[in-house]
Amino acid sequence: MALKTQPFDAAEVLLDDARIAAYLEEAFADGDPALIASAIGDVARARNIAAIARDTGLTRETLYRAFSPEGNPTLATMAAVVKALGFQLSIRPLGI
């Protein structure tokens with residue numbers, strides 16, 4: 001009997017700020033820009049991308065495109081979305 005699988009959507013399990021923060025921290029710790037953009041996009045979808053679009057002044061289409069696998073969001077777009085999500089970007093020395 002064949003095993004039936006379904007695609008995993010991280011947005012379905014990002015239910016609270018603690019999970020979201022841990023998810024984003026892991027993406028940033030990895031350092032891969034595509035992974036970071038994908039993680040921010042997952043969180044935006046989990047939190048209602050239409051509301052994020054309204055809060056950032058960007059269109060939903062722009063957000064979907066920017067955070068798609070082929071997207072390449074600017075730092076300004078990522079910072080605006082992270083802020084609209086209720087988080088902030090910060091810098092700290094390595095190893096802390």
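Counting begins at 1 with the first residue of the sequence.
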Discussion item. Can you give me the closest heavy-atom contact between F87 and A21, atom names plus distance?
Written reply: CE2-CB, 3.9 Å
Discussion item. Show the nearest heavy-atom pair for residues A53 and T59, with the distance to one decimal.
Written reply: CB-C, 3.9 Å
Worksheet item: Would L75 end up clustered with F67 when hydrophobic side chains under 4.5 Å apart are linked, directly or stepwise?
Response: yes
Worksheet entry | Between CD1 on residue I49 and CD on residue E61, distance to nearest 0.5 Å | 10.0 Å
Practice prompt. Using modelled atom types only, decide if a donor and an acceptor are shared between the side chain of R19 and the backbone of V13 within a distance under 3.5 Å.
Written response: yes
Item to complete: First locate atom CG of L14, then atom OH of Y23, and finally report the distance between them rounded to the nearest 0.5 Å.
Response: 6.0 Å
Worksheet item: Any chance CG of D17 has more than 12 other-residue heavy atoms, nucleotides or ligands included, within less than 6.0 Å?
Response: yes
Worksheet item: From I91 CD1 over to F28 CZ, what is the distance, rounded to the nearest 0.5 angstrom?
Response: 8.5 Å
Item to complete: Output the distance between atom CZ (R54) and atom CG (N48), rounded to the nearest 0.5 Å.
Response: 7.0 Å
Worksheet entry | Pairwise distance CG(L63) to OG1(T77) - rounded to 0.5 angstrom | 7.5 Å
Under 3.5 Å, sequence neighbours excluded: what are the donor-acceptor pairs made by side chains of residues 30-37?
residue: D30; atom: OD1; partner: D32; partner atom: N; Å: 3.2
residue: D32; atom: OD1; partner: A34; partner atom: N; Å: 3.1

Practice prompt. Report the C-alpha distance between M78 and V81 in whole Å, list the side-chain angles of each, state the deciding distance to 0.1 Å, and finish with yes or no for side-chain contact (heavy atoms from CB on, under 4.5 Å).
Written response: CA-CA 5 Å; M78 289 197 305; V81 170; 5.9 Å; no
Item to complete: Using the side-chain contact (heavy atoms from CB on, under 4.5 Å) rule, take V43 and L24 through it: C-alpha gap first, then chi angles, then the decisive distance, then the call.
Response: CA-CA 8 Å; V43 175; L24 292 175; 3.9 Å; yes
Response to the item:
What one should report as the nearest heavy-atom pair of A11 and D42 is CB-O, 3.5 Å
